[in-house]
Amino acid sequence: MRIAETREALLDTLKDAPCETREFVPTMGALHEGHLSLVRAARRNGGTVVASIFVNPTQFNDPNDLKNYPRTPEQDMAMLRTEGVEVVFMPTVEEIYPADAEREKENEWDFGELDKVMEGATRPGHFQGVAQVVSKLFELVQPARAYFGQKDYQQVAIIREMVRQARERGETWAEAEIVECPTVREEDGLAMSSRNALLTPAHRAAAPDIHRALRLGALKAGELSPRELERYVRAEIERSGVLKMIYFDRMGPQACIAVQAGDVRLIDNMRYDN
Ligand code: PAF
């Protein structure tokens, strides 16, 4: 496994890679089985598997959240090596964001309503930050396919829209196919997330209520109005007294939820047929 810390090193490493087709798994590290499922999906497609580890400051609107985000680089490297990843890109913040305000301005996207609702409404600027870093990484890696988890349902929609707009702009990376992989869950139903490591024992014990409430909501979706359904799901989430629902909303067929568990924000989603 080759590790590149600069753009130049990455480009050199990619030149020497055994296969020209690149399968890309962008991450912020603190890897878990969810990330590994993306790597395994990437490996099945046979190209050179490239992973990135970069805690992207521009997608955090809360400085404490950025400061506390779990960082486990050595463990991450060992996991990626075991999974047979060929190239890991692990840049510094300066490497990704050299001081060049004009270029940053060009790298803005118009997502309309898509980045104003749900995560976008409660984390202003978050999706611009995601698009900013993912477009920079795509430009460097030039992936044939890039892999994202369905847990971040709205993020996947944003990235698909970004790639659509990149096609109109004639970007070199605009043919990247976005592959959405199923959410991986703990045995008790909690969606795997790097943030789960930050939960207190009381919040961790209550956190499976998120998936449980989504499932119960699915059973009631046909008979309750959207408002009643939201109230019902909130009551199920908040029954332990330690979780607080931030929003419960629909994006097409998908019911999406965000929950505050102490200092930790958790999201999840589920397809509803009604
Ligand atoms: O989903 C994530 O881990 C991040 O948002 C991503 C896509 C790696 C961009 O920083």
Side-chain angles (χ1 to χ4, degrees), residues 4 7 10 22-39 41-42 49-62 65-73 75-77 79-80 85 87-97 104 107-109 111 114-115 118-120 122-141 143 145-163 166 173 176-184 191-198 256 258 264-269:
R7 291 163 182 257
L10 175 67
R22 291 154 197 171
E23 314 290 339
F24 183 39
V25 182
T27 81
M28 297 207 296
L31 303 182
H32 50 68
E33 276 297 317
H35 295 110
L36 300 188
S37 76
L38 306 181
V39 169
V49 179
V50 182
S52 63
I53 298 179
F54 178 64
V55 182
N56 173 36
T58 69
Q59 71 188 77
F60 286 81
N61 54 324
D62 173 356
D65 191 21
L66 173 60
K67 193 174 99 211
N68 297 332
Y69 199 82
R71 289 163 172 89
T72 55
Q75 195 182 307
D76 294 347
M77 289 300 165
M79 289 165 103
L80 294 177
V85 168
V87 180
V88 179
F89 183 43
M90 213 179 164
T92 59
V93 172
E94 294 70 32
E95 193 64 29
I96 294 293
Y97 297 111
E104 289 316 321
N107 196 1
E108 276 176 11
W109 304 84
F111 294 120
L114 199 52
D115 70 344
M118 301 196 309
E119 287 301 285
T122 46
R123 302 179 69 190
H126 167 65
F127 287 122
Q128 283 297 333
V130 169
Q132 203 174 48
V133 77
V134 173
S135 58
K136 280 168 181 278
L137 293 168
F138 278 14
E139 192 176 348
L140 284 166
V141 175
R145 280 167 289 273
Y147 299 77
F148 296 88
Q150 195 181 48
K151 180 180 76 72
D152 298 302
Y153 189 80
Q154 193 177 6
Q155 170 171 277
V156 177
I158 288 278
I159 289 168
R160 284 192 202 285
E161 174 57 18
M162 181 192 77
V163 171
W173 46 268
E177 181 192 333
I178 303 305
V179 182
E180 183 176 330
C181 300
T183 303
V184 179
M192 287 201 185
S193 162
S194 304
R195 293 175 197 275
N196 292 353
L198 303 173
C256 301
V264 184
R265 182 190 177 95
L266 300 172
I267 59 172
D268 201 348
N269 62 81

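In this chain, numbering begins with 1 at the start of the sequence shown. Atoms considered below: every heavy atom in the structure, side chains included; atoms not considered: hydrogens, waters and symmetry mates. Whatever order the structure lists ligands and atoms in, that order sets their numbers, starting from 1.
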Heavy-atom contacts under 4.0 Å between I159 and ligand 1: side chain, backbone, both, or neither?
-> neither

Can you find a side-chain donor-acceptor pair between Y69 and N56 that sits under 3.5 Å?
-> no

For atom 3 (O) of ligand 1, grab the closest protein heavy atom and report residue, atom and distance to one decimal in Å.
->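 Protein heavy atom with the smallest distance to atom 3 (O) of ligand 1: M28 CG, 3.7 Å.
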
Shortest protein contact, atom 2 (C) of ligand 1 (heavy atom only) |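 Looking at atom 2 (C) of ligand 1, the protein heavy atom closest to it is Q155 NE2, 3.9 Å.
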
Which class fits the ring pair F111 and W109: parallel under 30°, tilted 30 to 60°, perpendicular over 60°?
->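 Rings of F111 and W109: parallel, under 30°.
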
Classify the angle between the aromatic ring planes of Y97 and F54 as parallel (below 30°), tilted (30 to 60°) or perpendicular (above 60°).
-> tilted

N or O contact, T27 vs ligand 1, cut-off under 3.5 Å = no

At less than 4.0 angstrom from any non-hydrogen atom of [X], what atoms of ligand 1 do you find?
X    : answer
Q59  : 4 (C), 5 (O), 9 (C), 10 (O)
V133 : 9 (C), 10 (O)
P26  : 8 (C)

Heavy-atom pair with the smallest gap, counting every atom of Q59 and V133 |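 Minimum heavy-atom contact is OE1-CG1, 4.0 Å.
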
Between G149 and V156, which heavy-atom pair has the shortest distance, and what is it?
-> O-CG2, 3.7 Å

Any salt bridge between E95 and K136, counting N to O under 4.0 Å?
->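 No.
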
